[in-house]
Structure formats: structure tokens, C-alpha cells
Amino acid sequence: MSETRKLVAYFSRAGQNYVGGSIVDLPVGNSRVAAEEIAEKVGADLFEIETVDAYPADYTECTEVAAAEKRAGVRPELAADVDTDPYDVIYLCFPNWWGTCPMAVLALLEGHDLSGKIVRPLCTNEGSGMGSSERDIRAAAPGATVGEGLAVAGGAVVRSRDVIQRWAEE
């Protein structure tokens, strides 16, 4: 019997972020913190989802670009890809952008046949929860089993280690 192979693919934003009602400068994005925690706990490989064109450093400008991408159904070009074939379980970590996952996450999913794989989404947010991300991930990854997601308050991600670890091991 072969060992279950796991991947944590994450999209995260360092720098200006909305946390607890204010714009703060984060040295490491909240979704990256969660992704690294999961990878360490379950022994998964780690892949950062990055776009060719960087999002604006200014928080408000970034949200405007993200909203325009969502409205237009844009899938930004990714800077790198990952071979998902060897993996049985793919954890996705991302912030909630306009009620769903960033379009870069959907671009990664739509670029692969994930039939037969398990996809486990974790969404960092500041009060908006998972939004429609689970539904949108199911649409972007037909044939995959999308497990129940975990919504974690971005400002509390470091204090949520135990919750994240328990969820990742389910």
C-alpha cells in the first residue's frame, strides 16, 4: 500500500492587509502561516501560488484589482506551476477576496485534472468566512472531492494552530 501524498498549495499576501478593522503591514501573509502549519503537521509538500504580474502593494488598490478580476472572470497568469499528478490530497490555503478565493487559486485548479483527488480548502478572512469559495473550487475542479473547508480569522491564525492542525489531520 502506498503512502498518501499531500500538497499544500497556497496564495498569500504579505505587506498591507486588513486585520481587525485596520490596515496593517504583515511580514508574512496569514494564509502562508496556515499553509506552513499544515505542511509541517501532515508532512506535505508546499507550493506558493504566485502571479506573473504582482498585485499592487497598496491594500485598497489590490482589492480593486481583485474585484475587477472577479467581475470579469479573469484568471491571472501564474508565475509557476506544480505537477499535481503525484498527489492524493491537496490542501488549498488562501484569503477570502470578494467572497471567494483569489482568481489565481482558480487558475491553478482549472489548469489540472484533479479527478479522484481530495481538495481541502482553508480560507483566512476577517469576518466573511468561506464565502462561495467551496462552491467555486468544486466548479474549478470537477471530479475532485472537495472537503469541508476551514475558515480562520486572519488576525488569529497564529493563535489557531491547534484548530488548524486538528482540521488538517481529519
Side-chain angles (χ1 to χ4, degrees), residues 7-42 44 46-82 90-111 119-141 146-161 163-165 167-168:
L7 172 70
V8 178
Y10 72 94
F11 180 90
S12 194
R13 178 178 163 81
Q16 287 187 4
N17 277 271
Y18 182 80
V19 177
S22 301
I23 305 298
V24 299
D25 192 40
L26 299 178
V28 176
N30 293 320
S31 295
R32 179 178 177 170
V33 171
E36 290 175 346
E37 185 66 36
I38 293 167
E40 181 180 323
K41 185 65 178 175
V42 302
L46 201 57
F47 175 75
E48 183 174 10
I49 303 167
E50 297 179 283
T51 55
V52 168
D53 296 325
Y55 287 93
D58 179 82
Y59 176 78
T60 302
E61 289 176 30
C62 179
T63 64
E64 291 167 357
V65 169
E69 283 181 348
K70 181 182 176 193
R71 272 193 310 274
V74 168
R75 300 298 187 258
E77 184 180 354
L78 301 181
D81 197 9
V82 61
I90 300 171
Y91 295 87
L92 291 175
C93 297
F94 52 86
N96 183 319
W97 279 12
W98 295 105
T100 189
C101 53
M103 297 298 102
V105 173
L106 297 180
L108 178 75
L109 295 174
E110 291 170 354
V119 177
R120 311 252 348 257
L122 181 147
C123 175
T124 59
N125 66 91
E126 287 300 317
S128 50
M130 294 294 293
S132 66
S133 58
E134 289 165 307
R135 181 188 69 222
D136 297 340
I137 289 167
R138 281 185 187 93
V146 179
E148 184 176 343
L150 177 66
V152 177
V157 75
V158 172
R159 295 186 311 273
S160 300
R161 266 182 87 141
V163 171
I164 293 169
Q165 288 179 358
W167 172 83

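Hydrogens, waters and symmetry mates play no part in the numbers below; they use all other heavy atoms, side chains included. We count residues from 1, following the sequence as given.
- Atom CD in E50 sits 9.0 Å away from atom CZ in F11 (nearest 0.5 Å).
- In this structure, Y91 contributes its side chain and I38 its backbone to no donor-acceptor pair below 3.5 Å.
- The closest donor-acceptor contact from the side chain of R120 to the backbone of W167 lies under 3.5 Å.
- Residues P95 and R13 form no side-chain contact, since every pair of their non-hydrogen atoms from C-beta on lies 4.5 Å or further apart.
- The shortest distance between side-chain heavy atoms of V8 and L122 does not fall below 4.5 Å.
- Between P76 and A107, the shortest heavy-atom distance links the atoms O-CB, 3.7 Å.
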CA sep, side-chain torsions, deciding dist, call: L109, I90, side-chain contact (heavy atoms from CB on, under 4.5 Å): CA-CA 10 Å; L109 295 174; I90 300 171; 5.7 Å; no
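- What you find for P27 and A14 is that their closest heavy atoms are O-CB, 3.7 Å.
- Residues L7 and F47 have side chains in contact (heavy-atom distance under 4.5 Å, counting atoms from C-beta outward).
- Two residues are said to be in side-chain contact when any heavy atoms from C-beta on lie closer than 4.5 Å; P121 and V146 meet this criterion.
- To the nearest 0.5 Å, atoms CD (E36) and OG (S31) are separated by 11.0 Å.
- By the side chain to side chain donor-acceptor pair (under 3.5 Å) test, D81 is found to be paired with H112, residues two or more places apart in sequence or in another chain being considered.
- Aromatic ring orientation, Y18 versus Y59: parallel (interplanar angle below 30°, classes split at 30° and 60°).
- Looking at V19 and E126, their side chains come closer than 4.5 Å, going by heavy atoms from C-beta outward.
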Evaluation steps, side-chain contact (heavy atoms from CB on, under 4.5 Å), between F94 and C123: CA-CA 5 Å; F94 52 86; C123 175; 3.7 Å; yes
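- Evaluated for a side chain to side chain contact (heavy atoms under 4.5 Å, CB included) with T124, the options N30, V33, N96 yield exactly one hit, N30.
- For Q165, the side chain to side chain donor-acceptor pair (under 3.5 Å) criterion is met by E37, not counting sequence neighbours.
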Mind listing the side-chain donor-acceptor pairs of residues 97-104 below 3.5 Å, one per line with the distance, residues two or more places apart or on another chain?
residue: W98; atom: NE1; partner: T63; partner atom: O; Å: 2.8
residue: T100; atom: OG1; partner: D136; partner atom: OD2; Å: 2.6

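- Contact detail for A39 and L46: the closest heavy-atom pair is CB-CD1, 3.8 Å.
- Under the 3.5 Å distance criterion, the side-chain polar atoms of E77 are left unmatched by any main-chain donor or acceptor of D53.
- Closest heavy-atom contact between I164 and A34: CD1-CB, 4.1 Å.
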